[in-house]
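The structure's right below; bear with me while I get my questions together.
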Amino acid sequence: MARTSFCDSKPLLDLHKKADERRAPFRSLANVYGPVDRWQPVDVGLQETRITSVKMETDHRWERRLSAQKNEGILLGIHEDSRTRSAAGCVEEPVLLHPFSLQGLHSLQALVPGLLRHEVELALEKLDLIWDRTYAWDIFLEMMRTQTQNSFPNADLPRHFTDATRAILVDWLIQVHELMSFQEETLYLTIHLLNRSLHHIKVATANLQLLGMVCLFIAAKKEECLLPEVSALCYLMDHTYTKHQLLRMERKVLCGLEFNLTHCSPLHFLILLASIARCSAKVVWMARYLLELSLLEGECVAFLPVQLAGAALCLSRRLLKEPPTPEGEAAWCLASSINVGSETALLRIMHILATAAAKAHSRETCATFLKFSSPETMNVSRHPELSNAPSLLGICT
C-alpha cells in the first residue's frame, strides 16, 4: 500500500501547527439556496412590520412535550397513531420531517410561533447566509426539505466494507482536507458523497482510497474557488492510481449518483441553532467537534442532519455546564423546537457521540481529535469531561 495511503499508520500531515498557520474554520455560504439576481433589496423597516405572531391552532395530532432529560428542550412530535420502527428494532415516534414522507411540511410555518420565524430570519442574516430577509424563511424551509433527499434508510454498508475500514478512510480524508485548506462544507459533502457512492456503486476494496479522493475532488468542485491539480491528488496517494483511473472513477461516481450533489450540511443547522440559542463560542466549538466525530461513526449515517446538529449542540451544553440565564434558557427552548425528531433518536445520537468522544484520544483515527486540540478551537477535544465515559453515558441514558 502507498506510503501516504489511508491505511498507513504514518500521519499525512502535522496537525500540531501554530494557530496562525491554520485556516479559518468556517465559511458562511451566501447564495447557496438561491440566485443573487432574484434577491432584490427591500426596506428592513417595512419588513419588520410584516413579522406577526402565528396563532397556534389546536390539533390533536400534535403535542408539545418536554424532553425526558431535565427539560433540555422542546420537541414537536406526532401522536402515537403513526409510530415507526427504528433500525435497531425499537418503536419510536416519527420525526415531523420523516426521511421518506414530506406530509405536513407545508404547514410547518403554522406550527411554530412567529417568534421562531423572526429568530431564524435574524440568524440567517447575521451569519451572512442571505442577502435579504424576505427569503429567509423560504430558505430555511428549503434546508429542511433538502436534508430529507438522498437520506439512508439504515447504516448498512457493503459486506466487504466494515465500519472500521470506513473510519480509517474518513480519518484519512479529514487529513487530506486539512492539508488542502478546504472549507468545512467540503468535508461534510465529501463524506455524504462517499456514503451514497457505497450504496449505489460497486467498488473493489483496492479502490476505496481512490473513491474517497474522487468524492473529495467532486465536493471541492462544488464548494471551492481554487482546485488542486489531478496530479497533486495522485501524488497524495503516492501515485498508487493514475490520472486516468481517477478521472474514470469520477465519471463513474457522477453517473452513479445521477449528477445529484445536493446536500444540506449538518454544520449549517448547527451554526443556525447555535445562533438562535445564543450559545457561547466554546459551546459551538465543542458541538462542532462532536459533529465532526459523527462522520467517523457509521451508525450516524441513517440520521438526518438536523438531528445530528441538535444532538451535538445539546450534548455540548451538558458537557460544559455553563451557568444558565433566563434569556439563554428561553432562547434554547426556542432553538430546540427546530430539532424535529423523536427524543429516542436524539438520545441515541448523543449516546454515540459521547462514546466516540470518550475514546477519541486513544483511537488510531485521531485526526479530528488533533484538529480540535489547538488553541484556536479552544482545546475542546481535550476537555476533561470528555474522557469520563461513564459520566457521559450516564448523562445520555
Side-chain angles (χ1 to χ4, degrees), residues 5-16 25 69 87-88 154-157 161-178 184 187-188 190-191 194-195 208 212 266-267 270 282-303 307-321 344-375 377-397:
S5 64
F6 67 88
C7 62
D8 195 349
S9 59
K10 182 179 179 180
L12 182 65
L13 70 157
D14 183 11
L15 295 178
H16 291 289
Q69 294 294 321
N154 52 60
D156 294 341
L157 294 170
F161 197 57
T162 64
D163 286 336
T165 307
R166 179 187 177 278
I168 294 173
L169 177 56
V170 171
D171 185 77
W172 181 77
L173 289 173
I174 292 173
Q175 295 184 58
V176 176
H177 169 271
E178 188 75 4
E184 291 298 308
L187 175 61
Y188 285 89
T190 299
I191 306 306
L194 175 64
N195 293 333
L208 290 177
L267 183 62
L270 175 61
K282 191 164 188 177
V283 170
V284 176
W285 278 116
M286 178 65 76
R288 289 183 60 176
Y289 170 59
L290 295 171
L291 189 63
E292 190 161 314
L293 284 178
S294 70
L295 298 178
L296 297 165
E297 302 300 320
E299 295 178 85
C300 293
V301 172
F303 295 105
Q307 291 178 305
L308 295 171
L313 192 60
C314 185
L315 181 58
S316 174
R317 295 178 77 247
R318 296 186 180 187
L319 285 172
L320 298 179
K321 301 176 182 177
T344 304
L346 294 179
L347 293 176
R348 174 59 182 161
I349 299 171
M350 292 169 64
H351 178 89
I352 296 172
L353 297 182
T355 304
K359 300 177 180 179
H361 66 284
S362 59
R363 295 173 61 174
E364 293 182 0
T365 53
C366 59
T368 299
F369 173 81
L370 297 176
K371 178 180 176 181
F372 285 86
S373 63
S374 63
T377 60
M378 306 183 76
N379 305 296
V380 291
S381 66
R382 299 185 182 276
H383 195 279
E385 285 291 334
L386 291 173
S387 60
N388 193 349
S391 175
L392 292 177
L393 296 177
I395 292 176
C396 299
T397 56

Identify whether the distance between the nearest side-chain nitrogen and carboxylate oxygen of Glu184 and Lys371 falls below 4.0 Å.
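Yes, charged N to carboxylate O under 4.0 Å.
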
Contact between Leu267 and Glu292 at the side-chain level, heavy atoms closer than 4.5 Å - yes or no?
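No. Closest side-chain heavy atoms not under 4.5 Å.
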
Taking the side chain as everything from C-beta on, heavy atoms only, tell me whether Leu169 gets closer than 4.5 Å to Phe161.
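Heavy-atom side-chain distance check passes, below 4.5 Å.
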
Is Leu270 close to Arg288 at the side-chain level, that is, under 4.5 Å between some pair of heavy atoms?
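They are in contact (side-chain heavy atoms under 4.5 Å apart), so the answer is yes.
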
Backbone of His351 reached by a side-chain donor or acceptor of Thr355 within 3.5 Å:
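Yes, the answer is positive, given that a donor and an acceptor are paired below the 3.5 Å cut-off.
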
Spacing of Ile168 atom CD1 and Leu173 atom CG [to the nearest 0.5 Å]:
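Taking CD1 in Ile168 and CG in Leu173, the distance rounds to 12.0 Å.
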
To the nearest 0.5 angstrom, please state how far the OH atom of Tyr289 sits from the CG atom of Asn379.
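Output value for this atom pair is 12.0 Å.
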
Can you confirm whether Tyr188 sits close enough to Leu291 that some side-chain heavy atom of one is under 4.5 Å from a side-chain heavy atom of the other?
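Yes, side chains in contact.
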
Approximate separation, where rounding is to 0.5 Å, of Thr165 OG1 and Leu208 CG
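Here the interatomic distance stands at 7.5 Å.
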
If you apply the rule side chain to side chain contact (heavy atoms under 4.5 Å, CB included), what do you find for Met286 with Leu386, and how did you get there?
CA-CA 10 Å; Met286 178 65 76; Leu386 291 173; 4.0 Å; yes

Verdict with supporting geometry, Phe303 and Arg348, side chain to side chain contact (heavy atoms under 4.5 Å, CB included):
CA-CA 10 Å; Phe303 295 105; Arg348 174 59 182 161; 3.9 Å; yes

Would you give the length of the straight line joining atom CZ of Phe372 to atom CG of Leu293, rounded to the nearest 0.5 angstrom?
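CG of Leu293 is found 8.0 Å from CZ of Phe372.
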
N/O donor-acceptor pair under 3.5 Å between Ser381 side chain and Ser373 backbone:
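Yes, the answer is positive, given that a donor and an acceptor are paired below the 3.5 Å cut-off.
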
Nearest 0.5 Å, please: how far is CG in Leu296 from CG in Asp163?
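Interatomic distance, Asp163 CG to Leu296 CG, rounded to 0.5 Å: 11.0 Å.
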
Minimum side-chain heavy-atom gap Cys314-Met350 below 4.5 Å
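Heavy-atom side-chain distance check passes, below 4.5 Å.
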
When you measure from the side chain of Ser316 to the backbone of Val283, do you find a donor-acceptor pair of N or O atoms at a distance under 3.5 Å?
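Present.
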
Is there a side chain to side chain contact (heavy atoms under 4.5 Å, CB included) between Ile352 and Cys300? Walk through the geometry before answering.
CA-CA 8 Å; Ile352 296 172; Cys300 293; 3.9 Å; yes

Evaluate the side chain to side chain contact (heavy atoms under 4.5 Å, CB included) criterion for residues Glu385 and Leu320: first the C-alpha distance (whole Å), next the side-chain angles of each, then the deciding distance (0.1 Å), finally the verdict.
CA-CA 8 Å; Glu385 285 291 334; Leu320 298 179; over 6 Å; no

Under-4.0 Å salt bridge between Glu299 and Arg166:
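Here Glu299 does not pair with Arg166 in a salt bridge, since their nearest N and O are not under 4.0 Å apart.
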
Thr190 versus Val170: any side-chain heavy-atom pair under 4.5 Å?
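With C-beta onward as the side chain, the pair stays apart.
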
N/O donor-acceptor pair under 3.5 Å between Asp171 side chain and Ala367 backbone:
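It does hold such a pair.
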
List the atom of Cys366, the atom of Ala360, and the distance in Å for their closest heavy-atom pair.
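Scanning both residues, the minimum pair turns out to be CB-O, 3.9 Å.
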
Rounded to the nearest 0.5 Å, how far does NZ of Lys359 lie from NE2 of His361?
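If we round to the nearest 0.5 Å, His361:NE2 and Lys359:NZ are 11.0 Å apart.
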
Run the salt bridge (charged side-chain N to carboxylate O under 4.0 Å, His left out) test on Arg363 and Glu297 for me, step by step, so that the C-alpha distance in whole Å, both residues' side-chain angles and the decisive distance to 0.1 Å come before the verdict.
CA-CA 13 Å; Arg363 295 173 61 174; Glu297 302 300 320; 3.0 Å; yes

